[in-house]
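A, B, ... follow the sequence lines: proteins, then strands. Residue 1 opens every chain. Just the heavy atoms: all of them, side chains too, but no hydrogens, waters or symmetry mates, feed the values below. Source: prediction; values computed, not measured.
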Amino acid sequence: MTPLLQVENIAKLYGARIGCTDVSFDLYPGEVMGIVGESGSGKSTLLNCLAGHLVPDRGAVKFDTRADGQHDGGLRDTVTMSEPERRMLSRTDWAFVHQHARDGLRMNVSAGGNVGERLMAVNARHYGEIRDTATDWLGRVEIAADRIDDRPTAFSGGMQQRLQIARNLVTGPRLVFMDEPTGGLDVSVQARLLDLLRGLVREMGLSAIIVTHDLAVVRLLADRLMVMKDGQVVETGLTDQVLDDPQHAYTQLLVSSVLQV
Amino acid sequence: MSDYNFAYLDEQTKRMIRRAILKGLAIPGYQVPFASREMPMPYGWGTGGVQVSAAVLTPDDTFKVIDQGADDTTNAVSIRRFFQKTADVAVTEATAEASVIQTRHRIPEEQMNAGQILVYQVPIPEPLRFLEPSEVETRKMHALEEYGLMHVKLYEDISQHGAIATAYAYPVKVEDRYVMDPSPIPKFDNPKLSMPAIQLFGAGREQRIYALPPFTKVVSLDFDDYPFEATKADHACDLCGSTESYLDELIVDDAGGRMFMCSDTDYCTSRRKAGHIGAQGVPYEEDAA
């Protein structure tokens, strides 16, 4: 089986300081990978390098592209591919869910417009169809259909986050990058969002890379786990294995730091 | 006359502007940056158009200025006088006689011909501006031909108003490549953008020049199920009776009285001279003010 994403020795340096270094892993179709670690451990730097928002200093990010007119498809390095191709990937096969919904939404455009934007970016030109798809997706993320013409500014934090997810998944991506998708939400809203995400990921067979410092999130969503500290990966393995039987000292500290209610 | 160089700007500046114009003509719809000069009028009064006109005018030209179609408004009169004074060119109000026409917010009703130049004053040349505030990002979107966002604006129109409510500055796609803001002309004028005359667009404050060579393919953006429609007030001109021209609506008293009249004054006057009379019109008399 070909991996969907093959990461080889990614490193990003900020001058002399290390953002992240020597990260390698394979991600297979339908698999959800969690990346945990404390603040400043290089999680977000790594995610941004993978998603093409930052240019890594070393290494390759190979993605199993679909065949098009110019290329046969298969594993291609997204770091060295041309910018138009990479941007095309990021609005078709990839999706990026930001921690703050307002970074990923257009706040002065209605909910329907936000969901429809990716469709129009890949040349959907039929208003009725765009609107039907948007309505359908709002339903799937539990936003009432009569809110379709409201702007995200009129939405609660949890709704904004769900809208952001709908906006990203509407073109049927194969790989979703999530940066702290539940950050800033209260626990009951978090629980519903996680439930929704888990449902969508399973139903659509998505692969996902989730960056978070919340171990409960990865416990629920992730198949595999990568623990980062000081820009390095210190432990990898199946989620339950890593969380229930942590080997590295830092992972043990991390797991034991979780507050019990 | 000896106080000014011909057409106010110095020759090096005109040369720089002509280079930008030539580049604009070579890449229809592409916004060419240029070093816009301070002009003796405020931004928003057509400083971009004036610089383009200054760069293309020759002593043999006949110059016409229209503002919202009219030859006799402050803006039109002051720009016309400016070039009378600094370039000593002949001026006219007749569309067919002019070789260079500077316009604000209209295309003349009368068919433009080969050999004529239409110069537009442009306030904001970037059609994506109100959706994407970053200039770095919009330039990248133009370069990579990522224009999905333009349709988001039209989508918003339909979802809020039930139809594409954008009535002026209606975005167009030029030669299947660049999305362009045709300056704030009514969308009624959009189908006329493909014409035998050269069209030059100057934005002074934003320092951009773009151009449409004769007979350039210009398509107004729309949706399959909400096609583009060139609309005008559903009325005939009350002075000349024309049902073809773009109309201004005038409130004439405080009892709800109103009249519609052609926004193109030259078109209206020449029709009245030819004997056409509208519902509230009177036969044309020379010097009747």
Interface moiety of [X] toward chain B, non-hydrogen atoms closer than 4.5 Å:
| X | value |
| --- | --- |
| Arg106(A) | side chain |
| Arg91(A) | side chain |
| Ile148(A) | side chain |

*Lys62(A) atom NZ: more than 12 heavy-atom contacts under 6.0 Å*: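 Atom NZ in Lys62(A) is not crowded, with 12 or fewer foreign heavy atoms closer than 6.0 Å.
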*Residues Glu156(B) and Ser110(A): side-chain donor-acceptor under 3.5 angstrom*: yes
*Establish, from distance only, whether the side-chain atoms of His98(A) and Asp179(A) form a donor-acceptor pair under 3.5 Å.*
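Side-chain D/A pair, His98(A) to Asp179(A): absent.
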For [X], is it the side chain, the backbone, both or neither that has a heavy atom under 4.5 Å from a heavy atom of chain A?
| X | result |
| --- | --- |
| Leu131(B) | both |
| Gln160(B) | side chain |
| Ile158(B) | both |
| Tyr155(B) | both |

*Who are the ring-ring contact (aromatic ring centres under 6.0 Å, His included) partners of Trp94(A), not counting sequence neighbours?*
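With sequence neighbours excluded, Trp94(A) shows a ring-ring contact (aromatic ring centres under 6.0 Å, His included) to Phe63(A), Phe177(A), given in chain and number order.
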*Mind checking whether Leu128(B) and Met150(B) have side chains closer than 4.5 Å, heavy atoms only?*
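Side chain of Leu128(B) against side chain of Met150(B), heavy atoms only: contact under 4.5 Å found.
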*Do Ser242(B) side-chain atoms and Glu244(B) backbone N/O form a donor-acceptor pair below 3.5 Å?*
yes
*Closest-packed option against chain B by number of heavy-atom pairs under 4.5 Å, given Arg118(A), Glu117(A), Glu129(A)*: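 Winner by heavy-atom pair count: Glu117(A).
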